[in-house]
There are 2 protein chains.
Amino acid sequence: MNRFSFTEYLTSNAGLDASLVSSLVSSCQTKQYKSGDYLLREGERSLHSFFIEKGLAKMYGIDSRGKEHILQFAPEGWFVADRESAYFQKPATCFIQAIEDTSVLLIDEAHILEMARANPGFLEFNNKLLHNHIRHLNNRIYQLLSATAEERYLSFIKTYPDILLRVPQIMVASYLGITPESLSRVRKDLAGKHAAR
Amino acid sequence: MNRFSFTEYLTSNAGLDASLVSSLVSSCQTKQYKSGDYLLREGERSLHSFFIEKGLAKMYGIDSRGKEHILQFAPEGWFVADRESAYFQKPATCFIQAIEDTSVLLIDEAHILEMARANPGFLEFNNKLLHNHIRHLNNRIYQLLSATAEERYLSFIKTYPDILLRVPQIMVASYLGITPESLSRVRKDLAGKHAAR
DNA sequence: TTTTTTAGTTGACATATACCACTGTTTTAG
DNA sequence: CTAAAACAGTGGTATATGTCAACTAAAAAA
């Protein structure tokens, strides 16, 4: 499995100079999680978000009927955060859990702002990340509003072919907002259509 | 109908000093739209987002079956933007349309970044806005994944009681991801439950 | 390895919500 | 003010997806 060094990530994507980056990175704590470990639990208060250097995590909530709904998968090179706790100092509304052995960097919003003040390039980079994230979320909302289970699954395959191979179907179903049984049937139908040609 | 001056908004919420704010605001263009006018159409290229000072707009997409899906309502005091065009210089993927007579401020990302460089307080404010927006979107996704039509409607009433009164039911239905007929029945059921007590 | 748990498939059936058609009613435009 | 359009309610019916249960296969734990 490949690993994303946060240092490399920043130097190559944010256009920052090496010394600045290393000062930021060295001020961040690294942490290891085994598959199944929680990075964050609902109700906890925590002021940092996570940058995944290696492995895979999921952010999810549990509804009143006890069902799990996955809000985000976070593979290496991605950020994941419960905004409620990390940016608004409230108890977390989600769980974040490793689904592979995972190593992360803990990042405080304070660090981000500090960096941004010191370096305008970083500010632009950070903004772009946030806008990009918003774009993704809008996209997902649009799909949930407009597309059938099959269409959403096809779109998932196309957008996250890598993740598809790394997580059980039951989690894909949860992400898509359907039951595992339904996903199984969607896949069967698609296989049939494909074979028919 | 009340009006939100962007100047007042910034001075009271972002903690900026008056001269800075007025220099920002004066560099932004104001524009008026009649109900039904488009602020932005799918496919257009445009580099600004909108701050609604008065009135109400909706951002929506049209799917392959010709159906409209509302991504966001934007009443006075809110921002609305197609990120694809405003921040990534691509053709817009959405329509933004006034549903009341509306007056807006056109804001360029360039302005935002400029302001942020000049004033750290503004940077924090802008970040908070973005994180808050992300929080809202996550919330909506969670609802679409986990809640029934009735639950989503109740949540809408609670979260946006003001908007409920200003838009036709058909738009609420579109926002919730259900048909107008279904919403009509949900309302009927709720009225029944309420009367039963 | 053996046992236990979790995941995936499939059938039968239930249900929420969509679709279509029709009817008033309200709003908008001429 | 009148005509046309958009909106809202309701019945009948269709359909996608959920629920429950049983069985097999695969993965994790002992």
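Only this structure's heavy atoms are used, side chains among them; waters, hydrogens and symmetry mates stay out. Every chain is numbered from 1 and lettered A, B, ... according to where its sequence line falls, protein lines coming before strand lines.
Between the side chain of A:R185 and the base of C:dG8, no donor-acceptor pair under 3.5 Å is found. Checked by distance alone, A:R187 brings no side-chain donor or acceptor within 3.5 Å of a matching partner on the base of C:dG8.
Nucleotide D:dT17 holds its C1' atom 14 Å from the CD atom of A:E151, rounded to whole Å. Atom CZ of A:R166 and atom P of C:dA7 are 17 Å apart (whole Å). Rounded to whole Å, the distance from CD on B:E100 to C1' on C:dT28 is 15 Å. Distance, A:D189 CG to C:dG11 C1': 14 Å, rounded to whole Å. Atom CG in A:L183 sits about 10 Å away from atom C1' in C:dG8, given to the nearest Å. B:L190 has its CG atom 16 Å from the C1' atom of D:dA8, to the nearest Å. Protein atom CG of A:L145 is 19 Å distant from nucleotide atom P of D:dA16, rounded to whole Å. Atom C1' of nucleotide D:dG9 and atom CD1 of B:I170 are separated by 13 Å, given to the nearest angstrom.
Using a 4.0 Å cut-off between charged side-chain N and carboxylate O, A:K188 and A:E181 make no salt bridge. The residues B:E68 and B:K58 are annotated as salt-bridged, a charged nitrogen and a carboxylate oxygen being separated by less than 4.0 angstrom. A salt bridge is defined here as a Lys NZ or Arg NE, NH1 or NH2 lying under 4.0 Å from an Asp or Glu carboxylate O, and B:E76 with B:R166 meets this definition. Using a 4.0 Å cut-off between charged nitrogen and carboxylate oxygen, A:E151 and B:R65 count as a salt-bridge pair.
Using modelled atom types, one side-chain atom of B:R45 and one backbone atom of B:Q89 make a donor-acceptor pair closer than 3.5 Å. Looking at B:S49, its side chain never comes within 3.5 Å of a backbone N or O of B:V80 through a donor-acceptor pair.
The overall bend of the helix from C:dT1-D:dA30 to C:dG30-D:dC1, read as the angle between its terminal helix axes built from five base pairs each, is 60° when rounded to 10 degrees.
Listed in residue order, the members of residues 153-163 of chain A having a heavy atom less than 4.0 Å from DNA chain D come to none.
Using modelled atom types and a 3.5 Å distance limit, the side chains of B:R187 and B:Q169 yield a donor-acceptor pair. Side chain to side chain, B:Q143 and B:S155 meet the donor-acceptor criterion of an N or O pair below 3.5 Å. Inspection of the B:R135 and B:N132 side chains reveals an N or O donor paired with an N or O acceptor under 3.5 Å.
B:P168 comes within 4.0 angstrom of the backbone, heavy atoms only, and of no base.
For A:Y38 and A:Y33, the ring centers sit 6.0 Å or farther from each other.
A cation-pi contact, defined as under 6.0 Å to the ring centre and within 45° of the axis, links A:R140 to A:Y175.
Residue B:K34 places none of its side-chain N or O atoms closer than 4.0 Å to OP1 or OP2 of C:dA29. Note on A:K188: a side-chain N or O is less than 4.0 Å away from OP1 or OP2 of C:dG11. For the OP1/OP2 pair of C:dT6 and a distance below 4.0 Å, the side-chain nitrogens and oxygens of A:Q169 include no atom meeting the criterion.
Residues A:Y160 and A:V172 form no side-chain contact, since every pair of their non-hydrogen atoms from C-beta on lies 4.5 Å or further apart.
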Protein-nucleic acid N or O pairs under 3.5 Å, nucleotides 15-17 of chain C:
unit_1, atom_1, unit_2, atom_2, d
C:dT17, OP1, B:A149, N, 3.0

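In terms of the side-chain contact (heavy atoms from CB on, under 4.5 Å) criterion, B:S22 has no residue partners (sequence neighbours excluded).
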Under 3.5 Å, which donor-acceptor pairs do the side chains of residues 122-130 of chain B form with other protein atoms, sequence neighbours left out?
unit_1, atom_1, unit_2, atom_2, d
B:E124, OE2, A:R117, NH2, 2.3
B:N127, ND2, B:L123, O, 3.4
B:K128, NZ, A:Y87, O, 3.3

B/S/- contact track for nucleotides 21-30 of chain D, protein heavy atom under 4.0 Å = ----------
